[in-house]
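Lettering of chains follows the sequences in order, A, B, ..., and the numbering in each one begins at 1.
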There are 2 protein chains.
Amino acid sequence: MDDLEVRELRYFVAVAEELNFSRAAERLGISQPPLSRAISQLERRLGVQLFERDTRGVAVTAAGQTMLTEARTALEVMSRVARRTRRAGWAVPTLVTTAKPGIASGLLGRIVEVYAALPGSPRVEIVVSGYRQQADMVRDGRADAALLSSPCDERGLDSEPLTTEPRVAALPAAHRLARRSTLRCSDLHGERMPRWSGATPEECVYWSGRDRTDGPGRGVGAHQPEVTVPGPVVNDPTELLEVVSLGQAVALIPASLAEANLRTDIAYRPVDDASPYTVAVAWTRGARSPVLNSFVRSAIDVTTSEQGTAAPHVS
Amino acid sequence: MDDLEVRELRYFVAVAEELNFSRAAERLGISQPPLSRAISQLERRLGVQLFERDTRGVAVTAAGQTMLTEARTALEVMSRVARRTRRAGWAVPTLVTTAKPGIASGLLGRIVEVYAALPGSPRVEIVVSGYRQQADMVRDGRADAALLSSPCDERGLDSEPLTTEPRVAALPAAHRLARRSTLRCSDLHGERMPRWSGATPEECVYWSGRDRTDGPGRGVGAHQPEVTVPGPVVNDPTELLEVVSLGQAVALIPASLAEANLRTDIAYRPVDDASPYTVAVAWTRGARSPVLNSFVRSAIDVTTSEQGTAAPHVS
DNA sequence: CTGGCCCTATACCCTGGAGGCATGGATGAT
DNA sequence: ATCATCCATGCCTCCAGGGTATAGGGCCAG
């Protein structure tokens with residue numbers, strides 16, 4: 001019968017995240033009583049109890065939990081509508097692409113160069129985005145396509161792999177593991193791993209050699225708890241290597257990065273069972289306009305032609 | 001800055017579909033002037049012209065076209081939030097499944113039987129749904145899982161194939177093609193094909209042997225126009241065979257249906273290049289709760305064990 | 001036990017905006 | 001020329017979302 005409104009979802013999410021009506025109200029820029037009322041009305045309309053109010057704080061019920069995830073995606077989709085439409089209305093049709101710093105100026109730049117040379121291709125914009133922002137930018141419509149470096153959260157996106165390369169452990173030259181010629185993920189358990197600035201401590205596990213994404217289909221995999229330890233925060237690859245060199249952490253990095261930074265104070269060792277480092281081009285699930293198609297095609301063409309001429313990896 | 005509201009999206013979609021403000025307003029249950037104003041405001045807020053009003057009717061601009069698709073999915077997601085949450089709030093946790101009539105009572109019934117016997121499995125409900133409603137029911141949250149018979153529109157869903165079987169042409173015994181031992185899709189061009197009640201004439205092509213779904217990834221396929229002709233409307237398999245027997249149409253049906261209905265007045269002939277008839281279990285993209293996982297597992301188990309003992313197909 | 005403290009819920013008022021009604025203006029059909 | 005059709009504008013009404021004030025109920029310090 002009655003659909004929910006965006007406002008209600010925002011209110012609900014705020015309360016569910018703050019677990020406190022007053023703080024949530026403040027965050028929303030309204031006062032507390034209207035918020036209480038709105039949530040009550042919401043619960044009454046849905047006929048479902050979303051929160052367990054027990055006088056000292058608020059808890060989310062099971063139903064509230066499912067609503068929370070649903071509401072988050074719904075809000076995402078709603079904001080995407082506006083962004084996409086605005087962009088579609090631009091006088092000059094523009095394909096917006098994004099990637100993280102190193103890739104944006106390198107691979108993405110080359111792809112765009114090839115793509116822009118095609119007849120009929122629109123204006124292309126390259127946005128450099130920060131830590132793991134790429135997927136979100138595509139999801140909420142700020143970008144049409146992105147180069148993602150795995151592992152990352154590809155929910156809601158379609159993607160096509162471009163390059164894949166093994167990952168190696170970067171160790172201080174004097175590290176005990178540096179004497180081994182190859183390693184396994186389990187060898188790194190207990191080691192401190194650098195965090196990219198912007199990453200939460202939990203996200204550190206992404207760099208511990210396992211993919212976050214569950215395998216599709218039958219892979220009904222339970223996650224094994226990771227036992228690497230969050231280490232110092234770094235802003236760029238140079239900083240990361242510096243931290244390793246100082247013995248403050250151990251990092252898993254793509255082989256090409258190791259190649260480009262051969263140093264006597266750092267030992268690079270292949271990690272056999274680490275998930276490979278891949279770069280993929282991604283776009284909104286289901287969006288397959290001609291413009292997007294030919295961009296994806298360009299990305300594939302550029303990487304396959306480069307792959308053949310690439311230098312051999314360090315061993 | 002300012003997010004759109006659900007109401008605005010509904011208004012927009014109504015106008016875009018009706019291409020007429022008055023009719024759209026009527027459909028929305030409001031009068032025409034507020035609708036005009038709402039759309040104007042929407043355009044002003046987005047800074048994008050959505051409609052081309054040229055005094056006699058309304059046309060959708062390019063930007064409006066993209067907004068239309070975005071808005072449709074957004075509305076879908078919004079209504080899903082409410083449905084899912086309501087369902088999650090039920091006192092008795094329940095897994096809702098759906099399939100079309102024949103499959104619901106047969107395969108789905110057996111799957112549910114197996115699943116319900118598992119320890120810790122919740123209450124299961126089987127909803128019988130009509131023509132191609134299954135995917136929509138999962139998309140909008142009325143069902144958790146569905147058995148889809150291909151070809152069908154799986155956008156927004158994850159799925160896992162269960163059974164696959166060839167499709168055969170059902171021909172009147174006296175039909176000229178009945179003298180051939182095998183056919184190809186092109187042989188059926190120009191033939192009348194029955195329509196399932198509820199299907200639009202265009203959807204008739206789904207039964208003409210080609211898949212609607214574009215191949216994923218690099219398959220940037222253009223659709224070939226189909227040249228089969230919509231025939232009489234039928235409600236169930238028996239009716240379909242009756243129509244064929246009377247010489248009013250020719251149908252492509254799964255081999256098992258042919259097997260179960262061997263008749264002297266109908267000839268079944270394999271069609272070599274028809275896309276196979278497959279049944280898949282599908283669920284909302286990304287939803288992978290333990291409950292859902294084990295249901296999918298049950299579905300796979302049941303079909304793989306049945307597949308081995310299945311009777312051989314007619315030839 | 002009691003008085004502050006920290007929550008959320010209730011009561012009451014006020015205002016912005018959604019919607020109805022009447023009408024204007026433009027264009028095509030007859 | 002007249003009418004029909006269709007979208008836009010102006011004006012009014014009314015409700016729901018929001019603010020302020022306050023009540024009510026646990027928790028803790030003294």
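- Rounded to an integer number of Å, the gap from CD1 of A:I30 to C1' of D:dA16 is 13 Å.
- The CZ-P distance, from B:R7 to D:dA16, rounds to 14 Å in whole Å.
- Taking the six-membered ring where the residue is Trp, B:F12 and B:F51 present tilted rings, their angle falling between 30° and 60°.
- Per the geometry, CG belonging to A:L42 stands 16 Å off P belonging to D:dA16, to the nearest Å.
- For the OP1/OP2 pair of D:dG19 and a distance below 4.0 Å, the side-chain nitrogens and oxygens of A:S31 include at least one atom meeting the criterion.
- For the pair A:R45 CZ and D:dA16 P, the interatomic distance rounds to 11 Å; values are reported in whole Å.
- Side chain of A:T61 to backbone of A:Q49: a donor-acceptor contact under 3.5 angstrom is found.
- Ion pairing between A:E70 and B:R83 fails under the 4.0 Å rule for side-chain N and carboxylate O.
- When every heavy atom of A:R142 is checked against every heavy atom of A:V96, the shortest pair comes out as O-CG1, 3.4 Å.
- Residue B:Q41 places none of its side-chain N or O atoms closer than 4.0 Å to OP1 or OP2 of C:dG17.
- Heavy-atom contacts from other residues, nucleotides or ligands closer than 6.0 Å to CD of A:E5 number more than 12.
- Residue contacts shown for B:F51 are absent, as no nucleic acid heavy atom lies under 4.0 Å away.
- If you take CD of B:E26 and C1' of D:dT5, they are 15 Å apart, rounded to a whole angstrom.
- Nucleic acid contact for B:E5: none, since no nucleic acid atom lies under 4.0 Å from a heavy atom of the residue.
- A side-chain donor-acceptor contact under 3.5 Å links A:R45 to the backbone of A:D3.
- Whole-Å rounding puts the A:L50 CG to C:dT8 C1' distance at 16 Å.
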Generate the contact string for nucleotides 7-14 of chain D. Rules: B means base contact, S means sugar-phosphate contact only, - means no protein heavy atom under 4.0 Å. BBB-B---

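- Taking atom CD1 on A:I39 and atom P on C:dT10, their separation rounds to 14 Å, with Å as the unit.
- One atom, CD of B:E18, and another, P of D:dT5, lie 17 Å apart when rounded to the nearest Å.
- The only member of A:L50, A:V15, A:L19 that meets side chain to side chain contact (heavy atoms under 4.5 Å, CB included) when paired with A:V60 is A:L19.
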